[in-house]
Amino acid sequence: MSDALQAPRGTFDVLPEQSALRLTVEVSARKILEAAGYRRIETPAFEDTDVFRRTVGESTDIVQKEMYTLIDGGGRSLTLRPEVTAPIVRAYAEHGMHKLAQPVKLWYLSSCFRYERAQAGRYRQFWQIGAEAIGSEDPAVDAESILLLAAILEELGVRGVRLRLASLGTPASRARYRELLQAHLRAHEDRLAHDVRERIDLNPLRAFDSDHAGTREVMQTAPLLLDHLDAADVEHFATVRALLDASELGYEIDPTLVRGLDYYTRTVFEFTSEALGAQSGVGGGGRYDGLAEQLGAHATPGMGWAAGIERILLAAEERPVPEPVCDLFVAVGGDGAPERTAAFLLAAQARRAGVPAQVELAGRSLKGQFKQAARLRARYVAIVGADGIELKDMENGEQSAVPSPSAVVATVLRGRFET
RNA sequence: GUGGGCGUAGCUCAGCUGGUAGAGCUCCUGGUUGUGGUCCAGGCGGUCGCGGGUUCGAGUCCCGUCGCUCACCCCA
């Protein structure tokens, strides 16, 4: 056991019961997103490292310590995607999607990789479902995008959901605000926590998240980004809020909401759930109007979000897992090769006719085969013996001889319609 | 990277102040020489995470290490 190999730290196997549950998430999200015109996209699991280095931000934890980066045989620096937005914008530019009707609406269900210590709801390989609308800066895009995630979380029964909302403005207004904030922090530097002081240059916005008492006092009087937006950004944000209000989607304005990636502009939001542990974020996102340029493409506005499958499942109500169906179990009634072959062929014929059917595959005794059929909740059991085929209805226990394999299939099909 | 909790059968766990490993569930077989979810009996299944130490003797005590887990940091 000790030297037997295990899944790498922070990763997990999705076993059949879990995969059935995850499928329900995929089905709901797909239904809601495709009804809004989003179409699925898949990008490679790894990208040129620059795709993330240039967009996510040099100062972020993701780039500084969480990327799985490797050098391939050709000397290229590749990185397992830590997030999917930048790859999708890369694909948008690479395939000239700016020539399509805008915005281009794309959704994905992909795994991401971050080198972090695992805990509840956080893994080194995790799955995100996400939606991106690229090519329009209309505030309706923002509101619709947020509404779609809200709908998905509601349909999946995610408990204790809160929506926090803010606007980060444009890079220019954000830069001006950043200087104001840095000045404020420097003016009170002696009262700040050590790690906050260290980050004044790199990421002063993080100071709002500090638990340190002195820092919190200083931040009470700190300037707020929302008070320093450009007129156009203020209007954009007001329209987003008006649309959400009209949609009757509740939210809280949080002027200190900071998302972990540098490419966000204007609208940012996050859904949290009280049902989660320390990692309370279920999903979030925002607008990223500068991302395409950072990738060397033409300036293109964009808006999107990502939600964690594992966190959705953790925060969602328990729901019944659909059980696999087996209408016909084919038992081998003798130990001769002809019976085994006939049973094998009968199961295949039934499946071709659309009947979910299984045949004995483990050499069990007939009693064992019936136990197996019961476990599978098989509606019928066919016993293929040297003298012919008998068919037993497992619900009422009736059993009779059947003249041919085709008759077996016909009876089972009829039985399915009756119930 | 740092700290707390936990590592005994596939799963859930018991195992006293150290005496040489158990239960329930699952699975297989039999009771029923070809018939199911109940019942009864039997069987399969364990380097007690790993390494070292103390001891006549370690699942149990000590040290180290690895893993899982929760939390910090940060995020999905």
*Fill in the dot-bracket string of RNA chain B, one character per base: . for unpaired, | for a pair to another strand, ( ) or [ ] for pairs within the strand, taking Watson-Crick or G-U pairs under 3.5 Å.*
(((((((..((((.....[..)))).(((((.......))))).....(((((..]....))))))))))))....
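Taking the six-membered ring where tryptophan is involved, the planes of A:Tyr177 and A:His228 are tilted, since the angle between them lies from 30° to 60°. Between A:Phe269 and A:Phe271, the angle of the ring planes goes over 60°, which puts this pair in the perpendicular group of the 30/60° scheme.
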List, with names and distances, any nitrogen or oxygen atoms from the protein found under 3.5 Å away from nitrogen or oxygen atoms belonging to nucleotides 35-39 of chain B.
from, atom 1, to, atom 2, distance (Å)
B:U35, O2, A:Lys392, NZ, 3.2
B:U35, O2, A:Gln399, OE1, 3.4
B:U35, N3, A:Gln399, OE1, 2.7
B:U35, N3, A:Gln399, NE2, 3.1
B:U35, O4, A:Gln399, NE2, 2.4
B:G36, N7, A:Lys392, NZ, 3.2
B:G36, N1, A:Met394, O, 2.6
B:G36, N2, A:Met394, O, 3.0

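One side chain, A:Ser111 or A:Gln125, offers a donor N or O that lies under 3.5 Å from an acceptor on the other. Neither side chain, A:Thr170 nor A:Thr265, offers a donor N or O lying under 3.5 Å from an acceptor on the other.
Of the residues in residues 103-120 of chain A, A:Arg114, A:Tyr115, A:Glu116, A:Arg117, A:Gln119, A:Ala120 come within less than 4.0 Å of RNA chain B through at least one heavy atom, sorted by number.
Nearest-nucleotide positions on RNA chain B place A:Asp387 closer to the 5' end than the other of A:Asp387 and A:Thr11. Positionally, the nearest nucleotide of RNA chain B for A:Gly385 lies more toward the 5' end than for the other of A:Ser280 and A:Gly385.
B:C68 and B:G49 have their P atoms separated by 16 Å, given to the nearest Å. Of the C1' atoms belonging to B:G15 and B:U8, the separation is 9 Å, rounded to the nearest Å.
A cation-pi geometry, defined here as NZ or CZ lying under 6.0 Å from the six-membered ring centre and within 45° of its normal, holds between A:Arg241 and A:Phe237.
More than 12 heavy-atom neighbours from other residues, nucleotides or ligands sit within 6.0 angstrom of CD on A:Glu252.
Checked for salt-bridge contact, A:Glu270 and A:Arg164 meet the test: a charged N lies under 4.0 Å from a carboxylate O.
Between A:Ser365 and B:G30 there is a side-chain polar atom (N or O) within less than 4.0 angstrom of OP1 or OP2.
In this structure, A:Trp127 does not count as stacked on the base of B:A76 under the 5.5 Å centre distance and 30° plane angle limits.
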